[in-house]
Every structure is written in C-alpha cells, then in structure tokens.
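These values consider heavy atoms only, across backbone and side chains, with no hydrogens, waters or symmetry-generated copies. The chains referred to below are lettered A, B, ... by the order of the sequence lines, with proteins before strands, and numbering in each begins at 1. Since the structure is predicted, the reported quantities are computational estimates derived from the model, not experimental observations.
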There are 2 protein chains.
Amino acid sequence: MTTQTTSAERRTPLSRDRVMRAALALVDEGGMGALTMRRLGRSLGVEAMALYRHVTNKDEIVDGLVDLVFEEIGAPADGVGWKSAMRQRAISLREVLTRHRWAVGLMESRPNPGRANLRHHDAVIGNLRAAGFDMAMAAHAYALLDAYIYGFAMTHMALPFDTATPGEVAEMAEGMLRAFPVNEFPNLAAFISEHAMHPGYDFGDEFEFGLDLILDGLERASTEPSR
Amino acid sequence: MTTQTTSAERRTPLSRDRVMRAALALVDEGGMGALTMRRLGRSLGVEAMALYRHVTNKDEIVDGLVDLVFEEIGAPADGVGWKSAMRQRAISLREVLTRHRWAVGLMESRPNPGRANLRHHDAVIGNLRAAGFDMAMAAHAYALLDAYIYGFAMTHMALPFDTATPGEVAEMAEGMLRAFPVNEFPNLAAFISEHAMHPGYDFGDEFEFGLDLILDGLERASTEPSR
DNA sequence: ACCTGAACACCGTTCAAGT
DNA sequence: ACCTGAACACCGTTCAAGT
C-alpha cells in the first residue's frame, strides 16, 4: 500500500526533504513507473502542483534519489589493502542496488551527479592511487569493476527465479521448457533443467565468483610490467 | 528528421513487419522516449489505433525490437576455441549495443524472450559446453561475461565525451572542474584533468582490457581443480 | 477487412487565482 | 508565502462507427 498521510503530517509544511523521502518510498515500493508528480503529491496530501515550489521538476527529483542511493554505499576502507577495500565496496554497492532495484540503470547515467556520487568516486580513485595504481591502471580497474557490478545487478534483476520457492521454481522450469521447442535449443534446455532450476542454485552466488576473478586479474596486471 | 511516408508507402498495406521496421527507425533515431503509438502511426501515415490490428500492444513492439537486436549479434564461431569465440561474440554484442543504445537496459529484462534471443543463448552455452566446460563453469562464464558486456555498454553510454572533438573535450573538462570544489574531490579532479580528458584517451578502449582479463581468468579457472 | 473518431484515464508542467 | 484549479499538450488503449 502507498503511504497514507496522517493529519499531523499534513500539518507539517512541505519541504524538499519531505518530498525526496516520499519519492524514495514510492520508487522502492513500485519502481520508477510509480513515481508521478500526481501520485507523489497525493502521498503527501497535496496537489501535484504544490511540489513545484520545492523542486524545479521531476528530473531533479530523480537526480536527488540517485544521490540518496550513493549515500548508502559504504566508502572503501582504508588500511586493509586495495583488494579487500574494493571487494567490500563492490559487495556494498550490490546490496544497495538490490534494495533499490529501480536505481540500477540510473546510477551512472545522470548528467548532474550529486555530492554523494562525487564523494564516492573520489574515494574509490583515491584508494586505488594510494595503493600504487597509476592513473591508467586505476582507470582500467574502475571501468572494469563498475561495468561488472552494475551489469550483474542489471542481469540479475531481470531473473524471475529470485523470490521463488523451490516448488515455484520447478513449476517455472516446466513452463519455460514448454514455451520453446526443446530440440531446437537443446543446450539452453539442458542448462535450465540440469542447472539453473536445480534446488540450491542461486544466481546471486555467481557474483562473488566473478568479482574474485576480476580482483585476482587486476592484482596480476598491476604487478606485471605495464601493458 | 523523422521518416516521412511517401504516397507509395502509404498504399502498401500495414503489416507487423512494416510496423516493426518503422519502430526500429524511431528508437534508433530518438531513443525509447521517441517510441509512442501516435508517433509510430504518424511515421506510417496512419492513426495510432490502426497499429492495434497488427500488434497486440506497445509491449509486444518492444519485445520484437529487442529480438531484432539479438538477430544482429554474430553467433560464436565454431572451431576456433572457446576463448576467441567468446571474444568475438563479446565484441560483436558491444558493437550492436552501440548501434542501438536504447536496447542496453532491455536485452536481459524482457519477460518474453524471442527466438533470436533463445538461439543466441543456446549457441553460447553450446560453445562453452563443447569446449569442455561443465554446467557450473559455463554458468560462471556466462554470468560474468554478460554482466561485463552489458554493464560496460551501460556505463559507457552515459559518458558525455564520446562524440566530442578534442576541443570540446577540453571545454567540458574545464566545465566539470568548475562544477565542483576541486579541493573537496582532489582524486576525481586529478583523474579527470590528468587522464580521462586527455587527448588520445578513449574510454571505449577500456573494453578490451577488461574482456581479456576476464577471458584469461576463465581459462585459468577452467583448467584448475574446481572451486 | 482494415482504418478512424471520439472517448477514457492517465502523464508533466504553467500560470493566474485563491487563502 | 504557500497551495489550488483550470488548462495545455501529451500518453496507451478501447470500441463503436465508417469505408
């Protein structure tokens, strides 16, 4: 259910902060599609037009939401070595993105990065540089890690067997296999029935396999003569 | 400019195929935001409501567009070894995604995968299995490669210095550095001015660095005792 | 058989008007 | 100072009506 506004809340005057918090509740509950100025107004007990006194437009609200998400990411730790600092950050970022699935496609695509965004990027680059990465190697590492983290969140988000019970999973496997000619796509059929839909398989576990493979590769590349 | 319909085209009766081709032209030119039933109708010289005779709704059009994109991806080659087959496929997929930027967030998120999509996934799994990957290792490889490829396309797409000339790049660098307090984000400032905005730096070049790092890592993992 | 007009329930945003 | 009503230019989709 959408947040209902009590009369006490109604008396509290609108503010940019209240608008942003209500917007975050809306998207966390119903995704980006649920964020409309009219609905946002309603959740605050106000007409949509009143919002324009506190934000210049909807785009600014989305910019603000993305920065709220950046605030939740743990900064890379100092004094533990770049590898475990990057590992921690990656896992934290992934957790944040599963809490706020609507944000996955937006984190890196806003033309107006907020302060939390800049702070986070600054901290990651700073950590890598302090560990002895030169600029080129830091750029390699950052591009690779972020592509992987965001890409994993994106492909994972799409999967249907995420919140399903084992019984539902078996049902879905059958449904999927009925949906396409098994003999035309034998490898895919085998993959689904023999692996992906097996009890105990959790796609989310793939994340750390890839993450560690990448971190090991970066370690090797950073100690080798430059390429 | 949007495609104008000549009187000859107007006489050709509408068909699912013509609707899909017109829709593809629309999104390639103006992104997903440009795809509306009314505009699509107009580009075909017809009212929006006429489209519903040939497609059941807009969602079906998007499903069809995504499958058109899957058709453009080169299938992994046989007989060249999994590593160069996967390398080829990754590069082909990335090229396709830069041609159809609007597709980046949609390729893996449609609940109704089309035949080209299934064919492609089947071919990739088949190639890995034929090269001796067991199911678990094929799943690792596929999850990692796709996360990286789609994630890279997503983060790359967002960057402003892509179609810019060196002169424009220098201008943007100045603009960005003026936009935030340099002493608050010193690492980011150094990164931008000393590296990212330098003439000769092309973010797209980062793709193959990460791709080869991942392929090397997969090779190592697949010949090691299982993890 | 194929397309259109009018309608419905939505959008974001502007602006004069109300308290 | 802060909010609202009415309006504008859009959406996707349905359905009776036209040819």
Visitor: Taking the six-membered ring of A/F207 as reference, does the NZ or CZ atom of A/R94 fall below 6.0 Å from its centre and within a 45° cone about the axis?
Guide: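 Yes, A/R94 and A/F207 form such a contact.
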Visitor: So if I take every side-chain heavy atom of B/V46 and compare against C/dT13, C/dC3, D/dT13, which nucleotide ends up nearest?
Guide: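 For B/V46, the side-chain atoms sit closest to C/dC3.
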Visitor: I want to check one thing: is the phosphate of C/dC11, taken as OP1 and OP2, less than 4.0 Å away from some side-chain N or O of A/R39?
Guide: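 Checking C/dC11 against A/R39, a side-chain N or O does come within under 4.0 Å of OP1 or OP2.
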Visitor: Nearest of C/dT13, D/dG12, C/dT4 to any side-chain atom of A/M49?
Guide: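 Out of C/dT13, D/dG12, C/dT4, the nucleotide with an atom closest to A/M49's side chain is C/dT13.
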Visitor: I need the CG-P distance between A/D59 and C/dG12, as an integer number of Å.
Guide: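 Value for this atom pair: 11 Å.
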Visitor: Check the distance between D/dC11's P and B/L40's CG and give it to me in whole angstrom.
Guide: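 Spelled out: CG on B/L40 to P on D/dC11 is 12 Å.
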Visitor: For the residue pair A/H195 and A/Y201, categorise the inter-ring angle as parallel (less than 30°), tilted (30 to 60°) or perpendicular (more than 60°).
Guide: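 Rings of A/H195 and A/Y201: tilted, as their planes differ by 30° to 60°.
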Visitor: Quick one: which of C/dG12, D/dT4, C/dC3 gets closest to the side chain of A/A50?
Guide: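 Of C/dG12, D/dT4, C/dC3, D/dT4 is nearest to the side chain of A/A50.
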Visitor: Tell me, what's DNA chain D's dot-bracket, Watson-Crick or G-U with both distances under 3.5 Å, | for other-strand, [ ] crossing?
Guide: ||.|||||...|||||.||
Visitor: Provide, to the nearest angstrom, the distance between the CG atom belonging to A/N57 and the C1' atom belonging to C/dT14.
Guide: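 Interatomic distance, CG of A/N57 to C1' of C/dT14: 13 Å.
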Visitor: Nearest-Å distance, NZ (A/K58) to P (D/dC11)?
Guide: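 In whole Å, D/dC11 P and A/K58 NZ are 15 Å from each other.
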Visitor: What nucleic acid atoms does B/L35 come within less than 4.0 Å of, heavy atoms only: base, sugar-phosphate, or nothing?
Guide: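 Touches sugar-phosphate only.
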Visitor: Between B/R119 and B/D67, is there a side-chain N and carboxylate O pair less than 4.0 Å apart?
Guide: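 Result for this pair is no, no salt bridge flagged.
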Visitor: Please name all residues satisfying side-chain hydrogen bond (donor to acceptor under 3.5 Å, both in side chains) with B/D63, sequence neighbours left out, ordered by chain then number.
Guide: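 Partners of B/D63 under the side-chain hydrogen bond (donor to acceptor under 3.5 Å, both in side chains) test: B/R110.
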Visitor: Could you check how far CD1 of B/I61 sits from C1' of D/dC11, rounded to whole Å?
Guide: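 In whole Å, D/dC11 C1' and B/I61 CD1 are 14 Å from each other.
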Visitor: Are A/R89 and A/H120 close enough that a side-chain donor and a side-chain acceptor fall under 3.5 Å?
Guide: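 Their side chains do contain a donor-acceptor pair, which is all the 3.5 Å distance test asks for.
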Visitor: Would you indicate which nucleotide in D/dT4, C/dA6, D/dG12 comes nearest to any side-chain atom of B/R38?
Guide: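 Of the options given, the side chain of B/R38 lies nearest D/dG12.
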Visitor: Side chain of B/E47, heavy atoms from C-beta onward: which of D/dG12, C/dT13, C/dT4 has the nearest atom to it?
Guide: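 For the B/E47 side chain, the nearest candidate turns out to be C/dT4.
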Visitor: Can you label the angle between the A/H121 ring and the A/F70 ring as parallel, tilted or perpendicular, going by 30° and 60°?
Guide: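 Correct class here is tilted.
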Visitor: To the nearest Å, give me how far apart CG (A/L44) and C1' (D/dC2) are.
Guide: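 Distance check: A/L44 CG to D/dC2 C1' gives 15 Å.
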Visitor: In whole Å, I'd like the distance from the CE atom of A/M37 to the P atom of D/dC3.
Guide: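 Nearest whole value for this atom pair: 13 Å.
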Visitor: Check the distance between C/dT14's P and A/Y52's OH and give it to me in whole angstrom.
Guide: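 Value for this atom pair: 7 Å.
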Visitor: Report the relative orientation of the aromatic rings in B/F203 and B/H156; use parallel for angles under 30°, tilted for 30 to 60°, perpendicular for over 60°.
Guide: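 Plane angle between 30° and 60°, so tilted.
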